Every structure is written in C-alpha cells, then in structure tokens.
There are 2 protein chains.
Amino acid sequence: MDLIDYKILSALHENARISMSEMSRAIAMSQPAVTERVRKLEEQGVIRGYRAELAPDKLGKKTSAFVLFKTNNCPDFTRFCEEAPEVVDLYRISGEYNYLMKVLTDTTESLAQFLDSCHPFGFSTTMIVLSTAFEDKSPVPGAME
Amino acid sequence: MDLIDYKILSALHENARISMSEMSRAIAMSQPAVTERVRKLEEQGVIRGYRAELAPDKLGKKTSAFVLFKTNNCPDFTRFCEEAPEVVDLYRISGEYNYLMKVLTDTTESLAQFLDSCHPFGFSTTMIVLSTAFEDKSPVPGAME
DNA sequence: GTTGAAAAAACAGAGGA
DNA sequence: TCCTCTGTTTTTTCAAC
C-alpha cells in the first residue's frame, strides 16, 4: 500500500465507474499496472465493492433518522432489522445503548409506525436528521485537496 | 420512475461498475434504452454518484465511533468537521444534541485526541462501534430478494 | 421502445527493461 | 513490479424503424 494505491482508491471513491484506462492517464501509470493493482486491492478486501449512491428523498424516503436502541435480545433484534426495509445501517455500539441504526421512511408518520413495530425488542431514542452537512468523506489518507 | 428504474437502481447499488450492456441483459431491455434511463436518473439526481466502498480497517482506521455533539457555534463547527479527516459523516439532528457524526481513527488513542480537539466547540457523547451488523442496505423499494 | 452495423474504447496478454 | 505494444473483446454510439 503506497501512494499510488491511495490515488487509485481516491479515484475510485470519487467515481467508481471510471475506466482503468482513464485512471491510468489520471495517475500516470500504465493501464495493465493499474488494473493489476485494483485487482489486488479487491482481493485484499481494501475495496469492498462499488455502489451507486442514491438520493433517498428522490425515492420517496423524505424522513431519515438515527435510532438508539437498548435491547437484551440481540440475535432476534438484528434479524428484525435485517428484514425491515426501513433500516439501512445497523451498528452495535458501546455506551448506554446497544445499537445505533439509520432509518429511512417516507414520512414521520411511517417512522412512528416503524418505532412502534420495534417496541417489543426494547426501548429507543430517536434523532431525526434535519440536514446532512456531508456524507461518505473519503477515508483514504491524504485524500483532501 | 417505474419498476424498470428500480431494477436499474438496484443493480447499480449492488455493483456500480456493471456495464450498460450487461445490465441490459440482466433486466431484459435494450442497451440504448437502459443507458438513456441511467442518464435521466443521474440528471434527476436520483443517482448522486458512484463510489468504491473501502474497508477503513484495511487503511489503518481500526476505530470507528459515532459522536453526538452539542454546540452553539454551528457554522464554525461544521467547517471544523469538514476539515477534520476523522469525520466522514456529519448530520444535523433533532433532540438533546445538535449534531451526530461518524468518526474514523487509527486507534482509541487518536479518537481521544480528536475529541480533545473538538472540546472548544461544545460537549459530546461518544459511542464506539463494536461491530457493524450491516451497512448501506438498498433504499430502493422492493429491492429485497 | 427496438435492432443492427460502425466506431471507439477498454481490456488482456506477451515480451522485455 | 512496471512499461510498451498489439490483438481481441466489449461497449458505446448512431442510424433507421
């Protein structure tokens, strides 16, 4: 993992659909070499995958919230969350609460409904997202410019 | 926005590097039609971008945490967070706290350092991520299979 | 929206520094 | 490990329908 790898990761984090050839031009290295490095980064698990970033509100999901949860029924709770389309992220955390999840719903009403459906598993505190300052900043060292 | 658009969004959320031709095979529609739909989805802002999903721990970021923050100095605080490489997400939220941020650091020590550097802006509660059950589930309606 | 042909581009491989 | 060069495959573009 050297500077060139960081450049590759930065480029792919910024635009996952860039071609190997175009990237090779951007970072001044031959296309076969870049392709091989990307292959290795994928193999090592540094690159987990490539995702389109979608706008939830354009899909009708106008409400997003973080929900802190306290439960003593972890396996069932995680299964419940996996199957709930509202829950997009689920983290196990330290502190007063057990879990933190990110939830997307159409409206605040459907958020309330979802929270009701969680009730059997424990209790929660909800923080509605008023605005997103930024999201998904690159974790690559020296990726700021 | 119909079922075909949802299929396109699902496919791109699962693998952003899929070619238009391959996707056209997967969803049984001609390639020019798929390309045109993708172009429109990008134009409408439904697709915000394409990013490689990286493994923070493979980049040395072994500690991740959510930090709740309470400040009365919002503009300066958001600028501070934008410039802090540790902060990858920043949300303004409702409730007792002002902001929620996701933070990536090398170690718990560097997390503590970062929290110290935040201190001038207000006070915080930190929840360390013990494990990630799942992340980035698709927000596309009917994307479960 | 479809098909089909032409053009462009990207990718994979060999050989060598 | 990287580069250049080349052949092949693939994708995209652009017509006409």
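All values reported here derive from a predicted model rather than from experimental measurement. Every chain is numbered from 1, with letters handed out A, B, ... down the list of sequences.
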Report task. Hey, which sits more toward the 5' end of DNA chain D by its nearest nucleotide, A/Arg17 or A/Glu36? Result -> A/Glu36

Report task. Please step through side-chain contact (heavy atoms from CB on, under 4.5 Å) for the pair B/Phe69 and B/Cys118, ending with a clear verdict. Result -> CA-CA 9 Å; B/Phe69 212 89; B/Cys118 291; 3.6 Å; yes

Report summary line: Taken to the nearest whole Å, CE/B/Met23 to C1'/D/dT12 is 13 Å

Query raised in the report: OP1, OP2 of C/dG1 versus side-chain N and O of B/Arg37: anything below 4.0 Å?
Result: yes

Report summary line: Taking C/dT2, D/dC2, C/dA10 as options, the one with an atom nearest any side-chain atom of B/Met29 is C/dT2

**Report entry** Donor-acceptor under 3.5 Å (A/Lys62 side chain, A/Thr105 main chain)
**Finding:** no

Query raised in the report: Taking CD from B/Gln31 and P from D/dC14, how many angstroms apart are they, rounded to a whole number?
Result: 12 Å

Report summary line: To the nearest angstrom, the CD1-P distance between A/Ile27 and D/dC3 comes to 9 Å

Requested in this report: Take the angle between the ring planes of A/Phe114 and A/Phe80 and call it parallel below 30°, perpendicular above 60°, tilted in between.
Outcome: parallel

Report task. Compare side-chain N and O positions of B/Arg39 against OP1 and OP2 of D/dT12 and report whether any pair is under 4.0 Å apart. Result -> no

Report summary line: Of C/dT2, D/dT1, C/dC11, the nucleotide closest to the side chain of B/Ser30 is C/dT2

Report task. Could you check how far CE of A/Met20 sits from P of C/dC11, rounded to whole Å? Result -> 6 Å

**Report entry** Residue whose closest nucleotide on DNA chain C lies nearer the 5' end, B/Val34 versus A/Arg25
**Finding:** B/Val34

Requested in this report: Tell me yes or no: between the side chains of A/Gln31 and A/Thr35, is some donor less than 3.5 Å from an acceptor?
Outcome: yes

Query raised in the report: Strictly under 6.0 Å, is that where the ring centroids of B/Tyr50 and A/Tyr50 end up?
Result: no

Query raised in the report: Counting side-chain heavy atoms from C-beta on, which of D/dC14, C/dC11, D/dC3 comes nearest to B/Pro32?
Result: D/dC14

Query raised in the report: Under 4.0 Å between a side-chain N or O of A/Thr35 and OP1 or OP2 of C/dA12?
Result: no

**Report entry** side-chain N/O A/Ser19 vs C/dA10 OP1/OP2, d < 4.0 Å
**Finding:** yes

Query raised in the report: Can you check the B/Leu3 CG to C/dG1 C1' distance for me, whole Å?
Result: 17 Å

